[in-house]
Protein chains: 2
Amino acid sequence: MTSIDVAKLAEVSQSAVSRTFTPGASVSDATRERVMAAASELGYRPNALARAMISGRSRLIAILVAYLENQFYPVVLEKLSRALQADGYQVLLFMTDPGGQDEVVRRILQYQVQGILMASATMSSNLANECAETGIPVVMLNRYVANTSASSVTSDNIEGGRMVADFLVRAGHKRIAYIAGIEDSSTNRDREAGFYSGLADHGLVVSGRSVGNYTFEGAALATRELFSRSVKPDAIFVANDHMAFAVMDVIRSELGLRIPEDVSIIGYDNVPEASWNAYGLTTVEQHPEEMARTAIKILLEQVENRTVAKRAAILPAKLIVRSSARTPD
Amino acid sequence: MTSIDVAKLAEVSQSAVSRTFTPGASVSDATRERVMAAASELGYRPNALARAMISGRSRLIAILVAYLENQFYPVVLEKLSRALQADGYQVLLFMTDPGGQDEVVRRILQYQVQGILMASATMSSNLANECAETGIPVVMLNRYVANTSASSVTSDNIEGGRMVADFLVRAGHKRIAYIAGIEDSSTNRDREAGFYSGLADHGLVVSGRSVGNYTFEGAALATRELFSRSVKPDAIFVANDHMAFAVMDVIRSELGLRIPEDVSIIGYDNVPEASWNAYGLTTVEQHPEEMARTAIKILLEQVENRTVAKRAAILPAKLIVRSSARTPD
DNA sequence: CTCAATAGCGCAAGCGATTGTAGAAATTGA
DNA sequence: TCAATTTCTACAATCGCTTGCGCTATTGAG
């Protein structure tokens, strides 16, 4: 079923059909009605690919995600996706793996996407650059890369880390450890930097550090390592919630310690599971809905105005107090 | 950058360029090299939309999901997406909401997708039909609808339910309750039917039932309701894991009961969180990787052979025993 | 009543590729 | 060496639509 078939049945020109399906085009009510009648009789639907070709606007936005295991990403993906749909854009989803990123970029560009959203802390800055070089607007979520024309939306990770340090110190903790995410991710760097600076404000330094690489198993290992040392922490800041659950599991089940009586745990993200009673994780909120909204606002602005003015939005961090960490008096 | 530009630079015809980028087409090595050189000099990438138009193969597969909160869906989505990418297809992601499903179908069809994967227990059979009517292959994951030409991939929900009943009865439980998901979903119907039949095999009937609608909050309410009755259950089969976590939270934190000493809980799905120590949820596994693999195999078979022979794959269910339910001796 | 302005429609070019066909070039065999 | 065969390449039609342009019909002001 093409617009020509509809045109024939409605006894109008093919352009009249096209115009009826183009909002704002100049068609009389009479023509529009005849066209619509013919269209619905034939079950006609305009071919979006043809439209994209001729108009140069595919209304396709690529979303790149590295993994969906950490519940933060599905949540963000859902918000992004719904918002884009509401604005009349379609989402082309790509799962990246550490190896084949060039391949991914090549594909994205072939599909003439109008913009790219990269929602992953573990995304190479290289990739961001490659995309941006083509002139397609790129917005990175939860990651900041210097020397790129890509925009970014992050929470205030530095301030978030600082708040955690302050909270733990004021609760009376002395031996405060840190479990890192992926070393060269901007989220980890900023959270860690803010955390150390917050400790320093109270004249403290971190009393232990190990690396969990943002994975569940990595965090379990990191925890065992921390507690195998002579100085055992009485509080741990874990670089994200996803790892914090593993940490809590190891501390309670394997080490037989109580939370928060023996050890306080604070995470980052405020994923849905953090509010589950079995964990009751005190954490720093990254408001996924707002991050998604902001990212889309920036992206669409660039898409629609064809201006690729880099912007970096930093959303405020907020500490969510639950039961996994002792509270200051 | 179009193929014409490349052709000019390489001093060959535009068709030669096209053929170099078409695997299996007849081009001499000499020509191919010249074209490749010119292409990489200009940074040329074939336009996938133009290719799709003329060839009638968009290599686009739509995936419909209703929500990503239940971790089962992100996991499945990731598997599906990676597998499709590996086969050279792109994923067009759509989040459906109960209201605007017609709108979603309209969009999908406009983008000339070659197949549709519906990964959601809460998808109207109507929608499935509308899609299938157009002749585009549809595979439903985790949902079965009669009177459709859509294929489906499910786990053996009936057998799964039966296994749970058998396990609980043999562990000595007498007052066994059921918390339902969405009433008219096929997963709920089958799990419940299998469960009752399993109880009947031991001469028992369910001792309480309430509805959680597959939501976290719904399950919490359902639990409170169950325990407000005069006969309190000593075991509960919850229609999926996502709800089971809420159930466990309410039982332990609000009702002050111990699991599994006072109440046994069994879920369904074996989502990643089920293995977290704080829950240690005994559950029925739905192997997401295998479900994804099967779904894609069926879908691509239909896409590539243009045969829309309906198929219904039922994968075996497997009980995963952890600590949330008493075990038979 | 006349003329300028405007609204609506049709024509046709073109978006960037694929692909059947036909001819030129290269290869083969006798 | 020449005819027969096999590559390989170029030409051109086509996919389904948007959109600038020009024409006709309508409208309204003077």
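Lettering of chains follows the sequences in order, A, B, ..., and the numbering in each one begins at 1.
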**Report entry** From A:L60 atom CG to A:Y111 atom OH, the distance as rounded to the nearest 0.5 Å
**Finding:** 9.5 Å
Report task. Rounded off to whole Å, could you give me the CG-to-C1' distance for the A:L49 and C:dT18 pair? Result -> 15 Å
Query raised in the report: How about B:V105 and B:T134: do any of their side-chain heavy atoms sit closer than 4.5 Å?
Result: no
Requested in this report: Take atom CD1 of A:I4 and atom P of D:dC15, then tell me their distance rounded to the nearest Å.
Outcome: 8 Å
Requested in this report: Take the protein atom CE of A:M53 and the nucleotide atom C1' of D:dG16, then report the distance between them rounded to whole Å.
Outcome: 10 Å
Query raised in the report: Heavy atoms, side chains only, cut-off 4.5 Å: are A:L315 and A:H287 in contact?
Result: no
Report task. Would you mind classifying the nucleic acid contact of A:S26 as base, sugar-phosphate or nothing, using non-hydrogen atoms under 4.0 angstrom? Result -> base
Query raised in the report: Can B:T154 and B:S152 be counted as having a side-chain donor-acceptor contact under 3.5 angstrom?
Result: no
Query - Ring centers of A:Y67, A:Y214 separated by less than 6.0 Å - result: no
Report summary line: Rounded to whole Å, the CZ-C1' distance (B:R34 to D:dC8) equals 14 Å
Query - N/O (side chain, B:S13) to phosphate O (OP1/OP2, D:dA10) under 4.0 Å - result: yes
Report task. Measure from CG on B:D29 to P on C:dA26 and round the result to the nearest Å. Result -> 15 Å
Query raised in the report: Roughly how many Å is it from CG in A:N47 to P in D:dG16, rounded to a whole number?
Result: 7 Å
Can you name the atoms? Protein N/O to nucleotides 18-22 of chain D N/O, anything below 3.5 Å, with the distance.
residue: D:dT18; atom: OP1; partner: A:R51; partner atom: NE; Å: 2.8
residue: D:dT18; atom: OP1; partner: A:R51; partner atom: NH2; Å: 3.1
residue: D:dT18; atom: OP2; partner: A:S18; partner atom: OG; Å: 2.2
residue: D:dT18; atom: O4; partner: A:Q14; partner atom: OE1; Å: 3.3
residue: D:dT19; atom: OP1; partner: A:R57; partner atom: NH2; Å: 3.2
residue: D:dG20; atom: O6; partner: A:R19; partner atom: NH2; Å: 3.0

Report summary line: When rounded to the nearest 0.5 Å, the distance separating OG of B:S3 from CG of B:L42 is 11.5 Å
Query - Nucleotide C:dA17, atom P - distance to NZ of B:K8 in whole Å - result: 13 Å
